[in-house]
Amino acid sequence: MRILVEGSGGTAGWPQPGCRCASCLRQAAAGISRMPSTVIVDGQLQFGAGYEGISPEMERHEPGNPVRSDAVKPGVHGVARGAGQLGYRVRRLPDLRDGRAGRDGTAGRAGRDGRAGGWDVTAPDGGRLLYPAGPGSVPAPPEGSAPYDVAFLDLLGDPAQLGWLRARGFITAGTVTAVAFADHRVPSEAELARRCGFWRVRLAGDGEAIDPARSVPKDRDAGAGTRRVLVLGGARSGKSERAELRLAGEPDVTYVATGNRGAGDPDWAARVAAHRARRPAWWRTAETTDLAGLLGRARGALLIDGIGTWLAAVLDECGWDLRDDAARDKLAARRAELVGAWRQARCHVVAVSDETGLGVVPATPAGRLFRDELGRLNQALAAESEEAELIVAGRVMPLGNS
C-alpha cells in the first residue's frame with residue numbers, strides 16, 4: 001500500500017481563505033499552506049472530506065460490481081472515490097461519539113442514515129488504512145479488527161481517540177499515524193509540530209508519499225523510556241488542560257488527584273467536576289498523597305494534578321510552623337522522598353504545579369510559607385525533568401534545560 005498525501009489541511013485548507021484569525025495569519029506570514037485533506041491510495045482510491053459518500057455497508061468490490069448510483073449517499077463527509085477497483089475492501093465505520101455515553105470508549109453503529117466516523121480500507125496486498133470522515137470525526141473500528149498500517153486522524157478535534165485506538169491494538173508500533181484536517185484549531189504550525197512530537201505521530205506535508213513498508217519508524221509508538229514533564233502555571237492558566245493534552249495519545253493513563261477539600265466547598269467540587277468531564281472516561285483515577293510510592297510502582301502514564309495540593313496536604317500532616325524542628329524535618333523528608341522517586345521514575349509522568357511566585361506577596365505567614373516551599377519544590381522537580389513548560393493565558397512557553 002502506497003499513499004500520496006495530496007492535502008493535509010482542513011476542509012478549506014490552512015490558512016483558510018478569507019479568515020483573519022491569528023492562526024491563519026501566522027500560517028500565511030510563515031509562507032506555509034496546507035490544501036484540504038485528501039489522500040490517494042495506490043493511485044486508485046481517493047479519500048477526503050466534502051465529497052459524496054459510498055454505500056455504508058461493507059462491500060468487496062470486484063470488476064463488474066461498481067458502486068451503484070442508487071447506493072450513493074450525498075452529503076456524507078469522508079469520500080471513497082474509485083472504490084470499485086479490483087480487490088479493495090472498504091468499510092464505513094461508526095463514529096465513536098455516537099456510542100460513548102460519557103466517553104466510556106464503547107463504539108456506536110454506523111447505520112445507513114447514521115453519521116460516518118471514517119473508512120476502513122484493506123488493499124489487495126493486505127495493507128490497512130484508517131481515514132476519518134471529516135473534521136471532528138472519530139472512527140471506531142469494531143473489536144477484533146486487525147491493526148492498521150497507516151492511520152490518519154483528526155487529532156485537533158479529539159486527541160484522546162489516539163489513546164483509545166492504541167489501547168485496543170488498532171494502532172501499534174508498526175502503524176504510521178498522521179494528522180488529518182490540520183487547520184486553525186491549533187495556534188500555529190510550530191505548536192502542531194510540538195503536539196505531534198509528544199503524541200508520537202507524523203505531521204505529513206502536502207505531496208508526501210507514505211509507504212509503511214519503508215517509512216514506519218518502529219520506535220515511534222513504542223514506549224520512549226522515562227519521560228518526566230513539569231507543567232507550571234497560575235490559576236486558570238490552562239496548565240491542567242495542557243497536561244491532559246500531552247497524555248491524550250497514551251493507551252494507559254492514571255490521573256492522580258492529590259488534594260480534596262471535601263464536599264463542603266462548592267467551588268472545589270465544581271472544579272473537580274469540570275476536570276472529570278474533560279478527561280477520557282477510560283483513564284483511571286487515584287486519590288493519594290503517596291506520590292513517591294505511586295511513582296515507584298507505576299508502569300503506565302501518570303498525570304499528577306497537582307504538586308501544590310500535594311504540598312498543602314503534606315503541610316497539614318507535618319505542621320505549618322516550620323520553626324518547630326520536628327515539623328521542618330518531616331517536611332524535608334517528604335520532599336526528598338518525592339524528588340528522589342521523581343528522579344528514578346520508570347513511567348511516563350506529567351505533573352501540574354502552581355507558579356505562585358509571580359503575584360503579590362501573600363498577606364499571611366502561612367501563605368508566604370506555602371509560596372516559598374512550593375517554589376523550592378518546583379525548582380527541584382524541574383531540575384530532574386526532561387521537559388518543563390510554563391503556561392500563561394493559555395499560551396505555552398517551553399522552558400530550556402539551562
Side-chain angles (χ1 to χ4, degrees), residues 1-8 37-49 51-68 71-72 76 78-94 107 110 116-134 137 139-155 161-162 164-166 168-181 200-222:
M1 175 182 282
R2 185 178 184 274
I3 297 171
L4 175 64
V5 180
E6 284 199 332
S8 54
S37 282
T38 309
V39 298
I40 306 294
V41 182
D42 295 333
Q44 306 291 333
L45 305 183
Q46 184 180 42
F47 293 85
Y51 303 117
E52 294 174 339
I54 65 166
S55 172
E57 291 90 353
M58 180 175 67
E59 299 182 25
R60 186 173 182 83
H61 299 286
E62 302 288 356
N65 182 29
V67 178
R68 302 188 309 273
V72 173
V76 178
V79 70
R81 286 185 174 176
Q85 298 295 328
L86 175 64
Y88 286 92
R89 186 178 183 181
V90 179
R91 291 192 295 180
R92 182 189 187 204
L93 297 175
W119 304 98
D120 174 301
V121 182
T122 303
D125 63 2
R128 306 248 307 134
L129 167 68
L130 178 65
Y131 199 85
S137 297
E143 293 296 333
S145 296
Y148 293 97
D149 297 291
V150 181
F152 287 85
L153 299 171
D154 178 20
L155 295 177
Q161 64 180 297
L162 179 59
W164 188 88
L165 291 163
R166 281 175 170 156
R168 285 152 182 79
F170 301 135
I171 290 179
T172 70
T175 305
V176 178
T177 307
V179 173
F181 304 110
R200 305 189 311 281
V201 300
R202 189 164 172 171
L203 182 56
D206 293 4
E208 186 172 335
I210 296 176
D211 184 344
R214 297 181 178 180
S215 62
V216 173
K218 294 298 183 183
D219 61 343
R220 183 176 294 275
D221 195 43

Side chain to side chain contact (heavy atoms under 4.5 Å, CB included) between Trp164 and Phe170, intermediate numbers included: CA-CA 9 Å; Trp164 188 88; Phe170 301 135; 4.1 Å; yes

Heavy-atom side-chain contact between [X] and [Y] under 4.5 Å:
X	Y	result
Leu130	Leu93	yes
Val5	Ser37	no
Ser145	Arg91	yes
Val41	Tyr131	no
Leu129	Trp119	no
Leu165	Leu153	yes

For [Y], does its backbone N or O pair with a side-chain atom of [X] as donor and acceptor, under 3.5 Å?
X	Y	value
Asp42	Gln44	no
Thr175	Thr177	no
Asp206	Ser8	yes

Atom pair [atom1] ([X]) and [atom2] ([Y]), whose distance is rounded to the nearest 0.5 Å:
X	Y	atom1	atom2	result
Glu208	Arg202	CD	CZ	4.5 Å
Leu4	Asp211	CG	CG	12.0 Å
Phe181	Ser137	CZ	OG	7.0 Å

Contact summary for [X] and [Y], nearest pair of heavy atoms:
X	Y	result
Ala178	Ala204	CB-CB, 4.5 Å
Met1	Asp125	N-OD2, 2.5 Å
Ala116	Ala133	O-CB, 3.4 Å

Run the numbers on Ile3 and Val176 for side chain to side chain contact (heavy atoms under 4.5 Å, CB included), then give the verdict. CA-CA 11 Å; Ile3 297 171; Val176 178; over 6 Å; no

Counterpart residues, side chain to side chain donor-acceptor pair (under 3.5 Å), relative to Arg128 (two or more places apart):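 If we apply the side chain to side chain donor-acceptor pair (under 3.5 Å) test to Arg128, skipping adjacent residues, the hits are Asp120, Thr122.
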
